[in-house]
Amino acid sequence: MEGIIVPNGAVLKPRLSKVILSLSFFAMSVAKNDTPSLIREAMLNWYDRHARVLPWRARPFEKPDPYHVWLSEVMLQQTTVGAVKSYFEKFVTLWPSVHDLADAAQETVMKEWAGLGYYSRARNLHKCARVVAEKYDGVFPSDIKTLKLLPGIGDYTAAAIASIAFDRPAIVIDGNIERVISRLYIIDTPLPDSKRIIRNYAEHLFVGENQNRPSCFAQSLMDLGATICTPRSPKCMICPINQYCKAYKTADPSIYPFKKPKKKIPEKHAIAIIYIHNDKIGIETRPEKGMLGGMIGFPTTEWVEVDVPLTGEYKESLKIRHVFTHFALTLYPLFLSDETDMMIGKDEMDTAGLPTLFKKLWNMIKSEI
DNA sequence: CAGCCGTGGAC
DNA sequence: TGTCCAAGGCT
């Protein structure tokens, strides 16, 4: 044999392989009591048998597509796998490459993103696509520092892309991994104060002897968090690393991670103006900053924490309440037989790309129009 | 750096 | 109905 083949497929030169081999024997002898190394081994073994099949995930021995990895990671930010699947399929069908996405009109991207939430992600996604297409000729950078300069890519996503798309040994920390680590080491500091502590543990977990297949290891931790080490009712009995888990030895692992209590959210109110004229409905494009930025919607009065004045014609039952992350909004429709700047056909409303708040309102009132 | 920024599913 | 929360980033 001309050299040795390391797990990422590269072939090392003979002289170097001698050094590596002797180093690995040394590593294996000290790795016996090296818990992170044992966890890595157990996780990779588990992952080879239980990895989830996901639309954006490369199958075993398949080369990941950095465009798919990036697109899915941005969509998955603070969002569930179930919600993302159909959007991911739609996006790669509409735009098979980052060049195609870069060439799309911004409004089209916003429209297709409608319903997925956190709409600044869509704007940054489009910006990022244009930078990658133009500055990097469509080739995603593979190092974390360069990735982090791109819009919409922060600590987590940069590490995830470096790891998953390029098999770089990055420290990947998402909500799943925070939970897994909080339980492994029974961290009693609440989030988000514990983030520094968690990162410190993560570095020991990710970096060290027998650090093979970093991409698979990172994904294995996320799969574990999603299917076994779940927020509620974790399935510790079938966890591949329960023997290394300090929380498993306690009465109730599910109490980790501790979190700072959340504040109560205020109730806001506003009137939505429903312009109706010749079977057309009035809409507006919202400003880029603020709630539902860049999305279309019905014009509304300011969203305020006091009750809005409602006049005689108003029906008490005709309203919708929608809960956002940091406040709830009740919208009261006010119908005007008049025109405004942007009017679209009544039949086009369902496919126009309304965010959920306005979609809910439209679904309630459309039968009455 | 704490607040802002969506949504739908689980319990 | 309420509560939590899911592969966070930006300011």
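A, B, ... follow the sequence lines: proteins, then strands. Residue 1 opens every chain.
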Think [X] has a side-chain N or O under 4.0 angstrom from the OP1 or OP2 of [N]?
| X | N | answer |
| --- | --- | --- |
| K264(A) | dG2(C) | no |
| R179(A) | dA6(C) | yes |
| K262(A) | dC5(C) | yes |
| Q77(A) | dG8(C) | no |
| Y119(A) | dT7(B) | yes |

Determine, stepwise, if the pair D48(A) / R213(A) fulfils salt bridge (Lys or Arg N to Asp or Glu O under 4.0 Å).
CA-CA 11 Å; D48(A) 287 338; R213(A) 300 165 62 198; 2.7 Å; yes

Check every strand shown and say whether [X] touches a base, only sugar-phosphate, or nothing at a heavy-atom separation below 4.0 Å.
| X | answer |
| --- | --- |
| V84(A) | nothing |
| L54(A) | base |
| P151(A) | sugar-phosphate |
| L292(A) | sugar-phosphate |
| G225(A) | nothing |
| W113(A) | nothing |

Rounded to the nearest angstrom, tell me the gap between atom [atom1] in [X] and atom [atom2] in [N].
| X | N | atom1 | atom2 | value |
| --- | --- | --- | --- | --- |
| R123(A) | dG6(B) | CZ | P | 8 Å |
| M75(A) | dG9(C) | CE | P | 16 Å |
| H322(A) | dT1(C) | NE2 | C1' | 16 Å |
| F324(A) | dC5(B) | CZ | P | 10 Å |
| L125(A) | dG8(C) | CG | P | 16 Å |
| Y118(A) | dC10(C) | OH | C1' | 12 Å |
| D223(A) | dA6(C) | CG | P | 15 Å |
| K195(A) | dA2(B) | NZ | C1' | 13 Å |

Ring-ring centroid check H326(A) F324(A), cutoff 6.0 Å
no

When you match R321(A) and K148(A) each to their closest nucleotide on DNA chain C, which lands nearer the 5' end?
R321(A)

Taking the P atom in each of dG6(B) and dA10(B), what is the distance between them to the nearest angstrom?
23 Å

Nearest heavy atom decides the nucleotide; on that basis, is G293(A) or D193(A) closer to the 5' end of DNA chain B?
D193(A)

Note: for G290(A) and R232(A) on DNA chain B, the residue whose nearest nucleotide lies more 5' is G290(A)

Per atom distances to the T325(A) side chain, the nearest of dC10(C), dC5(C), dC5(B) is dC5(B)

Quiz item: cation-pi between K268(A) and F327(A), 6.0 Å / 45°
yes

Identified ring-ring contact (aromatic ring centres under 6.0 Å, His included) partner of F88(A) from the options W113(A), W56(A), Y67(A):
W56(A)

From CA spacing to verdict: side chain to side chain contact (heavy atoms under 4.5 Å, CB included), V109(A), W95(A):
CA-CA 10 Å; V109(A) 176; W95(A) 303 297; 4.2 Å; yes

Begin with the C-alpha distance, continue with both residues' side-chain angles, and end with the deciding distance and a verdict on side chain to side chain contact (heavy atoms under 4.5 Å, CB included) for I144(A) and T146(A).
CA-CA 6 Å; I144(A) 291 180; T146(A) 312; over 6 Å; no

Geometric class of the W362(A)/F298(A) ring pair [parallel <30°, tilted 30-60°, perpendicular >60°]:
tilted

Check DNA chain B against residues 351-367 of chain A and give the residues with a non-hydrogen atom under 4.0 Å, in numerical order.
P355(A), T356(A), L357(A)

hbond_proxy T157(A) side chain to dG8(C) base (donor-acceptor, 3.5 Å cutoff)
no

Once hydrogens and angles are ignored, does a donor-acceptor distance under 3.5 Å link the base of dG8(C) to the side chain of T79(A)?
no

Is the shortest side-chain N to carboxylate O distance from R40(A) to E209(A) below 4.0 Å?
no

Closest non-hydrogen atom pair, A272(A) against L361(A)
CB-CD2, 3.6 Å

